S.K.: 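Sharing a structure here in structure tokens format.
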Number of protein chains: 2
Amino acid sequence: MIPKRSKYAIQALKCLAKVYREKKHLSIATIAEEENIPRKFLETILLQLRNGGMVGSKMGATGGYFLVKHPDEIVLSSIIRATGGPIALLPCVSLNFYEECTECPHEELCGLHDVMLEVREASIHILSKTSLADLILREKKLLRKSENKRK
Amino acid sequence: MIPKRSKYAIQALKCLAKVYREKKHLSIATIAEEENIPRKFLETILLQLRNGGMVGSKMGATGGYFLVKHPDEIVLSSIIRATGGPIALLPCVSLNFYEECTECPHEELCGLHDVMLEVREASIHILSKTSLADLILREKKLLRKSENKRK
DNA sequence: AAATATACTACTAATTTAATAGGAATTAAA
DNA sequence: TTTAATTCCTATTAAATTAGTAGTATATTT
Ligand code: FES
Ligand code: FES
């Protein structure tokens with residue numbers, strides 16, 4: 001499971017992606033309300049994303065946050081990583097939260113390690129080819145599909 | 001990440017799988033030492049696996065645990081599930097730990113949900129085709145490979 | 001009987017994550 | 001130049017989860 005922090009980050013960035021073309025920026029409060037995220041919590045998340053160079057901010061009244069890259073270029077795996085979420089199922093196969101398995105004598109000889117590497121690769125493959133733009137596109141498709149059903 | 005509990009369970013079952021043919025059973029203490037797992041913790045894990053019908057036990061002196069199914073038929077996904085480990089990256093796409101996303105208005109219209117479903121499917125696909133027997137086989141292959149390298 | 005196991009339940013400790021608090025700094029507009 | 005709106009930053013608290021332990025009952029073999 002990824003932390004809520006990472007999920008909230010994805011939601012917030014999706015929100016910003018939607019206004020990217022108009023070069024608008026959104027305030028924390030706006031995003032928090034839109035996406036049902038606790039405002040103060042979101043504040044720390046956006047700060048983290050800004051320090052990680054994923055978003056930009058403008059201070060003062062009428063300030064806010066905005067994407068610094070095109071929604072096509074921001075992929076889910078980097079958002080999860082930037083917010084400290086592990087993708088792998090075991091620490092010994094995690095790129096960013098690597099920890100040795102004290103109970104396994106040799107990582108290179110461990111069958112479980114080997115399988116979990118494959119799982120990680122499969123997950124990362126999907127998460128790093130899916131961008132914010134893709135996410136929005138998917139939602140449009142899902143909406144069309146559900147409208148067709150209703151008929 | 002899956003809990004340590006699940007990792008320990010896989011290790012312990014792999015241990016039991018290795019003696020399956022000889023119809024032997026192993027004591028908790030033996031497995032704990034072999035696999036570097038805290039004995040008392042392993043006790044609770046094996047109990048859970050027994051209550052879940054994955055292993056059998058024999059009480060009393062010379063007692064111990066043994067597999068009730070062939071190592072070919074016990075797959076990683078069921079071990080992880082039996083020990084309460086989530087495989088999905090979000091509760092809203094978890095089969096066994098499902099929880100609604102309070103912040104997303106409609107699950108069917110959520111792009112993130114959609115992507116995370118794919119990730120879950122990919123992970124489960126690997127984990128449910130890998131059995132204890134496969135794990136042991138993999139380790140044999142890894143050993144051969146590392147021996148060749150050393151030459 | 002003694003020794004060696006599992007069965008069971010409850011508890012404690014440790015860690016992590018989620019969320020909040022509160023004020024400083026910045027900017028735009030009244 | 002004051003006021004209102006906003007980000008910036010750090011510390012703290014609260015909540016939840018997980019890891020691990022303790023202790024005793026029960027069963028089986030020798
Ligand atoms: S090395 Fe990590 S599971 Fe064995
Ligand atoms: S419904 Fe779970 S992420 Fe949107």
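Excluded from the calculations below are hydrogen atoms, water molecules and symmetry mates; all remaining heavy atoms, backbone and side chain alike, are included. All chains are named by letter (A, B, ...) in the order of the sequence lines, taking the proteins before the strands, and each is independently numbered beginning at 1. Remember, it's a predicted structure, so these values are computed and weren't measured experimentally.
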S.K.: Side-chain N or O of B:Y8 less than 4.0 angstrom from OP1 or OP2 on D:dG20?
M.R.: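 Yes.
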
S.K.: Going by an N to O cut-off under 4.0 Å, is there a salt bridge joining B:E35 and B:K7?
M.R.: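 A salt bridge is absent here (no side-chain N lies under 4.0 Å from a carboxylate O).
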
S.K.: Working note: B:E103 + A:Q11, criterion side chain to side chain contact (heavy atoms under 4.5 Å, CB included); need CA distance, chi angles, decisive distance, verdict.
M.R.: CA-CA 9 Å; B:E103 48 278 340; A:Q11 287 183 263; 3.3 Å; yes

S.K.: Do B:Q48 and C:dC8 have a side chain to base donor-acceptor pair shorter than 3.5 Å?
M.R.: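 It does not, because no donor-acceptor pair links the side chain of B:Q48 to the base of C:dC8 below 3.5 Å.
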
S.K.: Please report the distance, rounded to the nearest Å, between CD in B:E99 and P in C:dA18.
M.R.: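 About 12 Å, once rounded to whole Å.
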
S.K.: Give a yes or no on whether A:H106 atom NE2 has more than 12 heavy-atom contacts from other residues, nucleotides or ligands under 6.0 Å away.
M.R.: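 At most 12 heavy atoms, drawn from other residues, nucleotides or ligands, come within 6.0 Å of this atom.
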
S.K.: Establish, with yes or no, whether the OP1 or OP2 oxygen of D:dC8 is under 4.0 angstrom from a side-chain nitrogen or oxygen of A:R50.
M.R.: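 Indeed, a polar side-chain atom of A:R50 lies that close.
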
S.K.: Would you tell me if any nitrogen or oxygen in the side chain of A:T44 comes within less than 4.0 Å of OP1 or OP2 on C:dA19?
M.R.: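 Answer no for this pair, as no side-chain N or O of A:T44 is under 4.0 Å from OP1 or OP2.
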
S.K.: Give the C-alpha distance, both sets of side-chain angles, the deciding distance and a yes or no for side chain to side chain contact (heavy atoms under 4.5 Å, CB included) between A:F66 and A:K24.
M.R.: CA-CA 7 Å; A:F66 50 90; A:K24 275 207 289 195; over 6 Å; no

S.K.: May I have the distance from B:E43 (atom CD) to D:dA19 (atom P), rounded to whole angstrom?
M.R.: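 B:E43 atom CD is separated from D:dA19 atom P by 17 Å.
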
S.K.: Hey, is B:K14 close enough to B:E34 for a salt bridge, meaning N to O under 4.0 Å?
M.R.: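 Between B:E34 and B:K14 there is no salt bridge, as every charged N stays at least 4.0 Å from the carboxylate O atoms.
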
S.K.: To the nearest angstrom, how far is B:L47 atom CG from D:dG23 atom P?
M.R.: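 That distance rounds to 19 Å.
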
S.K.: Both A:A29 and B:A61 contact DNA chain D. Taking the nearest nucleotide for each, which residue is further toward the 5' end?
M.R.: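 The residue mapped nearer the 5' terminus is A:A29.
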
S.K.: Could you state the atom-to-atom distance from CD1 of A:I45 to P of C:dT17 in whole Å?
M.R.: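 My rounded result for the distance is 13 Å.
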
S.K.: Could you check whether B:L46 gets within reach of a base, just the sugar-phosphate, or nothing at all, counting any heavy atom under 4.0 Å?
M.R.: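 Nothing: the residue B:L46, judged by heavy atoms under 4.0 Å, touches no strand.
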
S.K.: Could you state the CG-C1' distance from B:L49 to C:dT6, rounded to the nearest angstrom?
M.R.: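 Distance check: B:L49 CG to C:dT6 C1' gives 14 Å.
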
S.K.: To the side chain of B:P3, which of D:dT18, C:dT6, C:dA19 is closest?
M.R.: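 For the B:P3 side chain, the nearest candidate turns out to be D:dT18.
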
S.K.: For D:dG23, does either OP1 or OP2 sit under 4.0 Å from a side-chain N or O belonging to B:K40?
M.R.: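 So the side-chain polar atoms of B:K40 never come under 4.0 Å of the phosphate oxygens OP1 or OP2 of D:dG23.
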
S.K.: For the pair made of CG in B:N51 and P in C:dT9, what is the distance, rounded to whole Å?
M.R.: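 Distance check: B:N51 CG to C:dT9 P gives 9 Å.
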
S.K.: Name the nucleic acid region contacted by B:K4, choosing base, sugar-phosphate or nothing; use a 4.0 angstrom heavy-atom cut-off, strictly under.
M.R.: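 Touches sugar-phosphate only.
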
S.K.: For the pair made of CD in B:E103 and C1' in C:dA19, what is the distance, rounded to whole Å?
M.R.: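 Interatomic distance, CD of B:E103 to C1' of C:dA19: 14 Å.
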
S.K.: Please state how far atom CE in A:M59 lies from atom P in D:dA4, giving the value in whole angstrom units.
M.R.: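 A:M59 atom CE is separated from D:dA4 atom P by 19 Å.
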
S.K.: Let me know, please, whether A:T62 or A:R39 comes out on the 5' side of the other along DNA chain C by nearest nucleotide.
M.R.: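 Here A:R39 is the residue nearer the 5' end.
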
